[in-house]
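Written out below as structure tokens is the structure these notes cover.
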Amino acid sequence: MSHLLEMKNVVIEGLSGRRWQPIVKGVDLHLNRGEVLGLIGESGAGKSTLGLASMAYTRGGCRIASGSIVFDGKDLTKASRSELRNIRGVRIAYVAQSAAASFNPAHTLLKQCVEVPVQHGLMSYQEAAEKAVDTYRRLLLPDPENIGYRYPHQVSGGQLQRAMVAMAMACQPDIIVFDEPTTALDVTTQIEVLTAIKEITRQFRTAAIYISHDLAVVAQLADRIMVLRDGELVEEGETRQMLANPQEEYTRALLSVRKTRRPSNAHALKDDVLLEVRGVSASYGQGVEVLQDINVKVKRKTTVAVVGESGSGKSTLARVVTGLLPPLKGTIVFDGEELPADLKARDRESLRRLQMIYQMPDTALNPRQKLRTVLGRPLEFYFGMKGKEQEDRIIELLDMVELPPEYIDRYPTELSGGEKQRVCIARALAAQPDLVICDEVTSALDPLVAEGVLELLQKLQDRFGMSYLFITHDLATVKAIADEIVVMWQGRIVEQGVKEEVLTPPHHEYTELLLSSVPEMDPDWLDNLLARRARKRARRRPDGGPGRPMRQPAPAASYNR
Amino acid sequence: MAFWNLVRRSPWSARIGLAIIALNVFAAIFAPLIAPYGETEIVGDVWAPKSADHLLGTDQLGRDLLTRLIYGARNTIALAFVTTALSFLVGSLCGFFAATLGGWVDMLLSRIMDIIMAFPTLIFALMVLSVVGTSIPAMIVVIALLDSTRVFRLSRAVAMDIEVMEFVEAARLRGEGIWWIMRHEILPNAMPPLVAEFGLRFCFVFLFVASLSFLGLGIQPPTADWGSMVRENAGAITFGIFIPLWPAAAIALLTVGVNLVVDWFLHMASGLKE
């Protein structure tokens, strides 16, 4: 039997400077009707490039150098523009990572959804609209008849991502390429989107290429997985087989990445409080309170992890502690002394003792400063270090974060994502802080790199004994690094305590939801979870009323306004 | 040396631009040495056609046109450069302050700039210059002030984009003062658009000086400048003599040259390939 899509020895090159560098180095890929293929790899592995190449499309500055891409008996590399136009979007569709960036904010969802079939003259507007509503219903979007008349900003992130799946389904394509469709979403929302994708590909027997860096997510959907690294195929196999018995070292590393754990630090039990947040409420402008009566204690030499979905107020808490956002009520007590609410009123010494590390190392480092300045400035600013003394200390700092001394004269753009984050850590270390606020420090990094950064943070804590206030939405990270956990939901703390206690049942309802939503390396995990939740709902609500009591109908409210 | 390497890798359009600028700057600096006659020296007939003695002919008073053009480069370019520099100093400083401090400072500065911008620039310049009298310093200050509103708008917008970046927040958390943040965090990142704008503004300034001179409020005779030269000789056109086209061409050429270089710079700064 011939395959629906067959890519042979595909080489894709990208222009770097004035030379063409290979991004995908001769990969074979085939896909049968109704099959879901997972593409796994870290950033730069060439998985998105390969996924787009299935439509014989490349991003700007790239080209398909050699190889064949045969779709339904036709070689797309030799196809004309108009032939390609009739295939792209119609027979092979693409779902991008960021739905928010992919929708035009000036048009309603429905209008954008019917555009492709109407443009290609496949359906009338009426037919396409009816079909879109049908797809919305199948994707379990709320109020399918009317949701299409909303604008992209009027629905939630998960709903928007599903609307994008609906858009891809508009022409009933043979293949959909999903490019990290859930990476930007919260774990609880991720489940909605995964369920929707799984259902719809099953119902229409649509073949799909699912691209992700998260093996656990791919395992839920894919029949077969290809592991890519540096543009080359590492391993290919049936999902279950690969998870049970990975052949390559690299695949094993990807599989084991979530397994680091450490027990709670003994200091967590002592009553040696460094930072205390007392009854803090805060808001931006005159709006709703994004934080309501927050009480958190961070003990010396411990890590307190603040977990929650986006919008739970965890980053706002960090802003209040640092003084960037003075609270409406409540106080911040640091080492027994009350800190002024406003950053400007704090003295240099208390600023020094409280450092922050950001989520995006790209924006947290000035692209026009060499590491010499990045690390040298806090040394000069807080300790008046200059010249040779400063340089020695910078090299020492680089060594602490496991970077070579010759990096001192590099610019941040010359470093990889993980290295940049290490520089941010070194910058915080330069101030010799007592407390470091880590705001989603590993979220923007690849799993293996993130693992390295977490290990480094733990090592540094053991060595210098600072405390971490660790803000994250990733429960795997929490399990790995936290001594105590604070679970936040909609500006309130719903549960807090020592890690072992919070992670052992019985949980608060929301903690339970969060914990159960973290994908596991088990292909049946999603099905089992959904079945379990359905049973629970049926037990609790015999009337079959709406589940998910935790969600607010915020998008609907904004729609009615 | 680094500059030379850059030039070697530059596209031909940028090289032409650089050559034009170099030629103009050379003429401006060495005017007394290369000009065949004196700046205000009357050497022949009125509107004499080009000849071996007068390569481009003579102007409405019988002065050598080539000499006038060379001296004109000196006056025009120097004036434009000083004015642009001044407008950038004022404009970007205010813009950075507005963006970094925000609040009422931003409000006040922005509204002042809005008021100045509300006047048509030429009318405003004419008004002020008629009141305080025409002098070169007065003209520089007036044009720089008018131009600084545009620079303010740009630098404020650019600085606001940079200001929300986390590395600026990190500097604030460290306890850095506003000067340090402006000087070390914002300025280096705002440089590419500002330099590009400098090139464009520079052209606008000498066009503006030319139009002021054309109206009789710019550089006063007998000082040579390109704008006045166009105006004084404009009448020649009706006799089919194209003497005024030479200074006009000089203005156009320098404008094109500067813009070619600016395009190249923008291209490099944006990181676009080809």
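Protein chains get the first letters and strands the later ones, always in sequence-line order, with residue 1 at the start of each.
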- Which of parallel (below 30°), tilted (30 to 60°) and perpendicular (above 60°) describes A:F470 and A:Y468? perpendicular

Atom group of [X] that falls short of 4.5 Å from chain B, counting heavy atoms:
X	value
A:L324	side chain
A:R352	neither
A:L365	backbone
A:Q369	side chain

- Of the options B:L93, B:D147, B:L109, B:V90, which is the one that meets B:F152 in a side-chain contact (heavy atoms from CB on, under 4.5 Å)? B:L109

- Query: Are any of the side-chain nitrogens in A:E440 or A:K314 under 4.0 Å away from the carboxylate oxygens of its partner?
  - Reply: yes

- Is B:D106 salt-bridged to B:R111, cutoff N-O under 4.0 Å? no

- Message: Quick check for you: among A:N366, A:D362, A:V374, A:L351, which has the greatest number of heavy-atom pairs under 4.5 Å with chain B?
- Response: A:N366

- Message: Using a 3.5 Å distance criterion without hydrogens, assess whether the side chain of A:E419 forms a donor-acceptor pair with backbone atoms of A:S416.
- Response: yes

- Query: Counting heavy-atom pairs under 4.5 Å to chain A, which of B:M165, B:E169, B:R174 comes out on top?
  - Reply: B:R174

